[in-house]
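Everything on this sheet refers to the single structure shown next.
Please read these numbers as outputs of a predicted model, since none were measured by experiment.
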Amino acid sequence: SQTIHQWPATLVQPVGSPLSLECTVEGTSNPNLYWYRQAAGRGLQLLFYSVGIGQISSEVPQNLSASRPQDRQFILSSKKLLLSDSGFYLCAWGWGAGQPQHFGDGTRLSIL
Amino acid sequence: RKEVEQDPGPFNVPEGATVAFNCTYSNSASQSFFWYRQDCRKEPKLLMSVYSSGNEDGRFTAQLNRASQYISLLIRDSKLSDSATYLCVVNAEGGGSNYKLTFGKGTLLTVNP
């Protein structure tokens, strides 16, 4: 069966510091991969998605970037965090074509 | 009009009650529909897919009305463990090649003893 791993679970970072969140999927190949952010009391916002190695689609202009260096690895990065980057970051995988997505445990990011 | 719209609640019901959630979507080309549940401070988890003919999974029944662009979730005999936020989810682009899902903001349910 497929599993998705995301770490760290919690992160506290100062404004202006860099960020790297990693997500890996096991038990499948060539999945679609997604990064979402959920701000407190708000809905899920799709940040990036990838349909293959090196292929990244950005959904909203922002301070963040994503990369997919390997088939089952998806990384979310920032060179300089802003206060507004705080939130609950979720990685997900899916087959596309209208199939459901499955989420990792999430990373709760606080910017001080 | 928002892409996926849900009543935010909160819904407070006693154990054993029947509760219904509604959702409307704006993209008439959407073809896939789901309900997820999200516990407090946790990730969303797939509860069930929603099929055109309606479908049931134990105490949960999902229905789809394409003409009205409306989805519903019915929970019978509510349990304390059903307390969560329920997210209505629709595939974003429609058609045969689509990668994105659009999530509603969710409806908060609290089941009381």
[X], [Y]: one ILVMFWY side-chain cluster at the under-4.5 Å cut-off?
X: Leu108(B); Y: Leu74(B); result: no
X: Phe74(A); Y: Trp95(A); result: yes
X: Leu80(B); Y: Phe60(B); result: yes
X: Leu64(A); Y: Leu83(A); result: yes
X: Val13(B); Y: Tyr86(B); result: yes

Out of curiosity, [X] [atom1] to [Y] [atom2], how far, rounded to the nearest 0.5 Å?
X: Tyr49(A); Y: Leu101(B); atom1: OH; atom2: CG; value: 11.5 Å
X: Gln45(A); Y: Phe103(B); atom1: CD; atom2: CZ; value: 13.0 Å
X: Arg42(A); Y: Lys105(B); atom1: CZ; atom2: NZ; value: 6.0 Å
X: Leu44(A); Y: Thr102(B); atom1: CG; atom2: OG1; value: 10.5 Å
X: Asp105(A); Y: Arg41(B); atom1: CG; atom2: CZ; value: 13.5 Å

Identify which part of Phe33(B) has an atom lying under 4.5 Å from any heavy atom of chain A, answering side chain, backbone, both or neither.
->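 It is neither, since no heavy atom gets under 4.5 Å.
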Decide if atom OH of Tyr51(B) counts as having more than 12 heavy atoms of other residues, nucleotides or ligands within a radius under 6.0 Å.
->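 No, the 6.0 Å shell around OH holds no more than 12 heavy atoms from other groups.
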Any chance CD of Glu43(B) has more than 12 other-residue heavy atoms, nucleotides or ligands included, within less than 6.0 Å?
->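 Yes, the 6.0 Å shell around CD holds more than 12 heavy atoms from other groups.
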Is the backbone N or O of Pro100(A) less than 3.5 Å from a side-chain atom of Tyr36(B), with the two atoms forming a donor-acceptor pair by type?
->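 A pair under 3.5 Å: no.
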Tyr34(A) side chain vs Tyr99(B) backbone, donor-acceptor pair below 3.5 Å |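 Yes.
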Would you mind checking which part of Glu59(A) comes under 4.5 Å of any heavy atom in chain B, side chain (CB onward), backbone (N, CA, C, O), both or neither?
->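 Answer is side chain: those atoms of Glu59(A) sit under 4.5 Å from chain B.
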Does any heavy atom of chain B fall under 4.5 Å from the side chain of Phe103(A), the backbone, both, or neither of them?
->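 It is both, since atoms from each part get that close.
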Going by distance alone, is a donor N or O of one side chain under 3.5 Å from an acceptor N or O of the other, for Gln38(A) and Gln38(B)?
->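 Side-chain D/A pair, Gln38(A) to Gln38(B): present.
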